[in-house]
There are 2 protein chains.
Amino acid sequence: MTSIIQNISKHISLTPEEEALFLSKTETRHYKAKTIIQNAGQVCREGYFVNSGLLRSFNINDNIVEHVMSFACEGWWISDMYSLLSQKPGNLFIEVMEDAEVVVLSKVNQDQLYLEIPKLERFFRILIENSLVANQERLMDNLSLTAEERFEKFCKKYPGLIQKVPQKQIASFIGVTPEFFSKMKSRMLRK
Amino acid sequence: MTSIIQNISKHISLTPEEEALFLSKTETRHYKAKTIIQNAGQVCREGYFVNSGLLRSFNINDNIVEHVMSFACEGWWISDMYSLLSQKPGNLFIEVMEDAEVVVLSKVNQDQLYLEIPKLERFFRILIENSLVANQERLMDNLSLTAEERFEKFCKKYPGLIQKVPQKQIASFIGVTPEFFSKMKSRMLRK
DNA sequence: CGACTTTCTTAACCTACATTAAGTGCTGTT
DNA sequence: AACAGCACTTAATGTAGGTTAAGAAAGTCG
């Protein structure tokens, strides 16, 4: 049983035939670190489920400052939701941070699968619901917590990531500059 | 044809029987302005579709500072998604800002309806997808734009709300204090 | 291995926004 | 009419976090 099927069966149960049909509509790809698999300004036509490795999505402001929207490691999905849903050019880049194996589900195949296996509507509804809740929390945290508190939450929520992700990208994710993050971190250590 | 059925039929089509079934699982309520219909610390058991009037959801930080999570006027849905989905105590209050008529869909009935009218999975999936995209944009805006830019976006996105919503709550929504918002506004007018 | 690039740190200085506080003008209630 | 209570404004002062710049450390690649 592959990992993506495990992921789906957490929320709905598929027959072996449905599993096979689902898998037949996906494609497994291997990417080297630093590959950009989605560019801002282009229409996003695929969602990605991460089998192994590490990816991130981010946008670039005024052609200078990067803002990390999300990280995705084993068992996570990643895409440019805005662009994928609207099929308009998006603002996000998606970059492979560590050599990765991903399961690719194209927008076209996903839409077909909704018709062929209506239960998948439920699966993706639940997936998106969870994303929305996480996003709302992150938004409120950004409005109401200090950078230090946000970093503490980040450490608790994604204990695996702190080791793997360059510090400047954690800084970007929680919404501060790398310089300030560095200062803050050493201030926190001194306590 | 009631407004909530119009709202649904934007994304899926229901038979007259399904429409009737759906409506039979809802309840229409009238609330006076200033009513709190959901309290932080309690489990949220209902979602609300606004027929008329104006509501907002917000949390309170350190028992002092309010942060507006969302506004909802005619044709919008509002709830405490985290609490509604997890059935754990939530952090949000939901308050009626202007006398309102709302269609109430309880969690229990919603779950039943998913079984009786599976197409509704699709409807709510799409609804949540759109919320997620809007939320992601708001998050990136908070990370990368100035308060002034966020306010300009707010005005474009919700032209109707600026008239109706007290200024301090717009301030809270875009993430600044009422005092700073006031100063910023007069600075913007001077140009 | 060395050359090059990128990340991280430190420190001086800067600014967007917060805090505090006092005052003005509504609106609703009695 | 009068008072209470809010929403809004203004202004002085405070601070979290940004900017700039320069050097140290660490990763990357030939």
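Numbered from 1 within each chain, the chains take letters A, B, ... in sequence-line order. Just so you know, these numbers use all the heavy atoms, side chains as well, and skip hydrogens, waters and symmetry mates.
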Closest nucleotide among D:dG18, C:dT9, D:dT10 to the A:Ser182 side chain: C:dT9
Expected list for residues 136-144 of chain B near DNA chain C, using heavy atoms below 4.0 Å, is none
Hey, is A:Glu66 close enough to A:Arg56 for a salt bridge, meaning N to O under 4.0 Å? yes
Is A:Glu129 salt-bridged to B:Arg125, going by a charged N under 4.0 Å from an acidic O? no
Can a salt bridge be assigned to the pair B:Arg187 and B:Glu148 using a cut-off of 4.0 Å between side-chain N and carboxylate O? yes
Divergence of helical axes at both termini of the helix from C:dC1-D:dG30 to C:dT30-D:dA1 - five pairs an end, 10° steps: 50°
Derivation and outcome, salt bridge (Lys or Arg N to Asp or Glu O under 4.0 Å), residues B:Lys157 and B:Glu137: CA-CA 12 Å; B:Lys157 205 157 183 178; B:Glu137 185 180 355; 3.4 Å; yes
OP1, OP2 of C:dC17 versus side-chain N and O of B:Arg150: anything below 4.0 Å? yes
Contact residues, residues 168-181 of chain A to DNA chain D [heavy atom, < 4.0 Å]: A:Gly175, A:Val176, A:Thr177, A:Glu179, A:Phe180
Look at the side chain of A:Pro166 and decide which nucleotide, out of D:dT9, C:dT7, D:dG17, has an atom nearest to it. C:dT7
Aromatic contact, A:Phe173 with A:Phe71 (centres under 6.0 Å): yes
Suppose we call two aromatic rings close when their centres sit under 6.0 Å apart. Are A:Phe124 and A:Trp77 close by that rule? yes
Under a 4.0 Å threshold between the charged nitrogen and the carboxylate oxygen, would B:Arg150 count as salt-bridged to B:Asp141? no
